[in-house]
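See structure below.
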Protein chains: 2
Amino acid sequence: MSTSRPTARDVAQRAGVSRSAVSMVMNGTAAGNVSAAAQERIREAARALDYRPDPLGVSLRQQRTGIIGIVTDEIASSPFAGKLISGVNSAAADRGYLSIISDIGQTAFAGPGTVREEHAIRQLIRRRVDALILATNGLRTLRVPKPLLTLPAAMANCRDAEGLLAAFIADEREGAQRATEHLTALGHRRILFIGGGDDEDAIPARLAGYHAAMTTAGLESLPPVSAGWEINDGFTAAQVVLTGTERPTAVFAANDRVATGVLLAAGGLGLRVPQDLSILGFDDQPHLAEATVPGLSTMGLPHFDMGRQAAEHVLNLLDGQESTTNGAMIHCHLTLRESTGPAPAGFNC
Amino acid sequence: MSTSRPTARDVAQRAGVSRSAVSMVMNGTAAGNVSAAAQERIREAARALDYRPDPLGVSLRQQRTGIIGIVTDEIASSPFAGKLISGVNSAAADRGYLSIISDIGQTAFAGPGTVREEHAIRQLIRRRVDALILATNGLRTLRVPKPLLTLPAAMANCRDAEGLLAAFIADEREGAQRATEHLTALGHRRILFIGGGDDEDAIPARLAGYHAAMTTAGLESLPPVSAGWEINDGFTAAQVVLTGTERPTAVFAANDRVATGVLLAAGGLGLRVPQDLSILGFDDQPHLAEATVPGLSTMGLPHFDMGRQAAEHVLNLLDGQESTTNGAMIHCHLTLRESTGPAPAGFNC
DNA sequence: ATGAAAGCGCTAACAG
DNA sequence: CTGTTAGCGCTTTCAT
């Protein structure tokens with residue numbers, strides 16, 4: 001009695017009422033069912049004993065745990081997973097929910113045999129999570145694992161081909177377009193897109209935005225350089241494309257790491273940034289974009305909001321509110337630092 | 001019956017036995033209590049119905065949830081939290097446990113008023129986690145919040161001053177010593193330590209290792225340059241210390257980001273790495289150390305193992321095994337890439 | 001307005 | 001060897 005936590009029975013005893021009365025007061029169902037006097041006594045007793053309903057009892061009774069499951073690829077090494085998860089947690093905490101994360105490793109959601117993710121999902125369902133959120137590190141289109149359709153669910157930073165599940169993704173096309181417009185507005189005419197691979201959906205979207213902005217500005221798109229996602233990829237590509245007189249005056253990199261590689265290469269090639277060359281990144285990667293010299297101008301992805309909105313969506317479903325939305329395209333945010341500036345004179349074609 | 005999952009009662013009915021018999025078979029307690037024939041029928045029925053004991057019922061009955069709580073600071077932006085958490089999850093999964101993460105933001109564990117963390121811990125305890133792991137992003141010594149002492153717990157990448165809790169931390173001193181020895185073995189005599197602030201415990205430990213190695217090699221330590229933790233911090237510091245004829249031939253950076261800043265600055269100053277200057281980092285930060293040009297030689301911190309061993313420790317406590325250890329100092333791992341090489345000739349003092 | 005009783009799914013002690 | 005029973009802590013009818 002002294003060591004273990006108080007139960008509803010203890011409170012009831014102390015207040016001289018039945019356990020049901022306690023339950024009602026704790027759940028706000030006491031309206032016309034418990035006398036005001038009793039309510040006050042119950043509240044007082046609960047306070048005195050520091051009583052909190054045991055979530056285990058509640059869960060068993062209500063068949064809901066107040067836990068949201070998150071299934072994600074490579075949380076381990078991603079600089080962004082944390083932001084997305086924070087978004088989920090933030091929305092969850094606001095409504096008294098907790099989250100459980102299941103990390104299934106980097107090769108996840110890849111092949112047709114989505115064994116690992118189905119296992120992870122089943123595991124979470126077995127644990128009776130109330131809802132599930134599927135999140136990926138980069139924008140992806142994937143086949144939604146069947147078990148996911150058996151409970152409230154949403155996708156964050158990914159979507160399924162069939163549109164069965166609400167997807168909360170960044171509007172990468174629009175983001176890339178706005179980013180490119182930033183460069184054209186600075187007078188740049190030769191703007192080169194560098195980086196990325198074929199494994200994700202992000203590149204086509206970003207390229208589409210790039211092309212749209214170039215067309216709008218009456219400029220000719222340069223053939224994009226597919227170069228990978230890492231610093232050294234940007235570095236290597238830059239060695240090639242930044243030489244010669246026809247070199248671009250601005251580089252739009254597929255992400256901040258590639259942009260950093262270009263920045264590194266520019267130094268070695270004697271190009272000043274941004275006076276001789278403007279560099280624009282993508283992602284606003286923590287500890288990177290704001291810390292390079294000069295700091296990277298970059299189009300940030302709304303990881304936090306993707307997580308938060310996905311969580312809000314499933315929580316709404318849980319509250320019985322019919323899906324008010326079927327997903328969302330969330331705006332990207334442009335952060336200007338020092339790596340972009342006016343096009344150098346004498347380069348206007 | 002068709003839509004909801006099968007219960008022990010369903011299995012018992014199908015096998016023509018009592019519910020308790022089913023329970024025993026599922027828990028391996030059937031030894032001398034259930035006839036072999038019945039056991040087989042039960043197993044068969046369970047398989048047919050795809051029966052899995054409901055964790056909720058088990059939890060309520062046994063007063064344990066099979067969930068480990070992780071309380072951590074700034075998972076959101078840390079490149080390492082994920083690795084540590086993966087370590088915890090890996091050990092947890094091996095024994096059928098799950099983990100719940102509670103992120104309390106970057107200012108955590110700071111002041112004397114540890115309100116936020118106590119709240120997070122209480123929240124997890126309320127949810128009846130079986131054990132708790134306290135993890136920080138960088139090595140820290142902190143006051144262990146009282147509620148933590150009420151259940152099996154361990155600390156990962158941090159420790160408390162009083163030694164009340166088992167702490168699993170990296171042997172940063174030994175790591176720094178070995179790292180410095182790598183440089184002295186290459187013939188470097190002027191080795192400069194750059195980076196870090198005063199807010200964590202890591203710097204004193206790393207400096208101690210540096211000094212030890214220098215002394216052993218019969219060299220004079222250079223006054224360390226306290227410069228911060230980010231790329232631009234390393235860049236700025238390098239601008240000052242890499243000029244002049246008395247410049248160091250090797251830099252040992254407080255982390256990989258600072259090392260990257262030095263690398264960037266070296267390029268601008270016309271210093272080739274590693275021919276003119278060796279640069280050694282700390283952390284082996286994903287997406288950074290292996291991706292710079294040249295790749296960073298770096299002393300990696302065992303984040304995964306810190307998480308994994310902390311989890312194994314609390315799981316042992318849960319299994320009733322008395323604490324076999326009171327924590328551990330885990331070895332760091334040196335990864336050699338291209339940023340370190342022999343000391344340039346003509347610089348031997 | 002109140003309390004008694006049933007039961008969520010499970011396990012452990014005990015009687016047959 | 002087997003089945004019955006009692007409860008883990010809670011909510012929700014249903015009588016009173």
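Labels below follow one simple rule: chain letters A, B, ... track the order of the sequence lines, proteins then strands, and each chain is numbered from 1.
Remark: C1' of D/dT13 and CG of A/Asn33 are 11 Å apart, rounded to the nearest angstrom. Here the P atom of nucleotide C/dC8 and the CZ atom of B/Arg9 are 6 Å apart, to the nearest Å. Between B/Arg128 atom CZ and C/dC10 atom C1' the separation is 16 Å, expressed in whole Å. Between the CD atom of A/Gln13 and the P atom of D/dG9 there is a distance of 14 Å, given to the nearest Å. Protein atom CG of A/Leu60 is 12 Å distant from nucleotide atom P of D/dC10, rounded to whole Å. As a whole-Å value, the separation of B/Met26 CE from C/dT11 C1' is 13 Å.
DNA chain D is contacted by no residue of residues 48-58 of chain B, taking any non-hydrogen atom closer than 4.0 Å. Within a heavy-atom distance below 4.0 Å of DNA chain D, no residue of residues 35-47 of chain A is found.
Using a cutoff of 4.0 Å between basic side-chain nitrogens and carboxylate oxygens, B/Asp54 and A/Arg126 are not scored as salt-bridged. We find that B/Glu44 and B/Arg41 are not joined by a salt bridge, their nearest charged nitrogen and carboxylate oxygen being 4.0 Å or further apart. Ion pair B/Arg5/B/Asp50 not flagged as a salt bridge, since none of the NZ, NE, NH1 or NH2 atoms sits closer than 4.0 Å to an Asp/Glu carboxylate oxygen.
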> For DNA chain D, what dot-bracket results from Watson-Crick or G-U pairs at under 3.5 Å, with [ ] for crossers and | for inter-strand partners?
Replying inline: |.||||||||||||||

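Aromatic ring orientation, A/Phe168 versus A/His313: tilted (interplanar angle from 30° to 60°).
Judged by distance alone, with hydrogens and angles left aside, the side-chain atoms of B/Gln39 form a donor-acceptor pair with the main-chain N or O of B/Val34 at under 3.5 Å.
Considering only heavy atoms from C-beta on, B/Ser86 comes within 4.5 Å of A/Asp103 through its side chain.
Of the candidates D/dT2, D/dT11, C/dC10, the closest approach to any side-chain atom of A/Ser23 belongs to D/dT11.
Atom CZ of residue A/Arg143 and atom CG of residue A/Leu164 lie 11.0 Å apart, to the nearest 0.5 angstrom. Here the OG1-CD distance, from A/Thr325 to A/Glu312, works out to 11.0 Å after rounding to the nearest 0.5 Å. Taken from CG in B/Leu84 to CD1 in B/Ile70, the straight-line distance is 7.5 Å, to the nearest 0.5 Å. Atom OG1 of B/Thr72 sits about 8.0 Å away from atom CG of B/Leu134, to the nearest 0.5 Å. Rounding to the nearest 0.5 angstrom, the gap separating the CD1 atom in A/Ile101 from the CD1 atom in B/Ile101 is 3.5 Å.
Side-chain atoms of B/Thr136 and B/Asp73 include no donor-acceptor pair closer than 3.5 Å.
Side-chain nitrogen and oxygen atoms of B/Asn27 include at least one within less than 4.0 Å of the OP1 or OP2 phosphate oxygen of C/dT11. At the phosphate of D/dT12, OP1 or OP2 sits under 4.0 Å from a side-chain N or O atom of A/Gln62. In terms of phosphate contacts, A/Gln63 brings a side-chain nitrogen or oxygen within less than 4.0 Å of OP1 or OP2 of C/dG9.
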Tabulate atom names and distances for all N/O pairs under 3.5 angstrom spanning the protein and nucleotides 3-6 of chain C.
unit_1	atom_1	unit_2	atom_2	d
C/dG3	OP2	A/Ser18	N	3.1
C/dA4	N6	A/Ser20	OG	3.2

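Applying the side-chain hydrogen bond (donor to acceptor under 3.5 Å, both in side chains) test to pairs two or more places apart or on separate chains, those with a residue in residues 156-169 of chain A are A/Thr141-A/Arg159. Sequence neighbours left out, the pairs with a member in residues 86-101 of chain B that pass salt bridge (Lys or Arg N to Asp or Glu O under 4.0 Å) are B/Asp94-B/Arg308, B/Arg95-B/Asp319.
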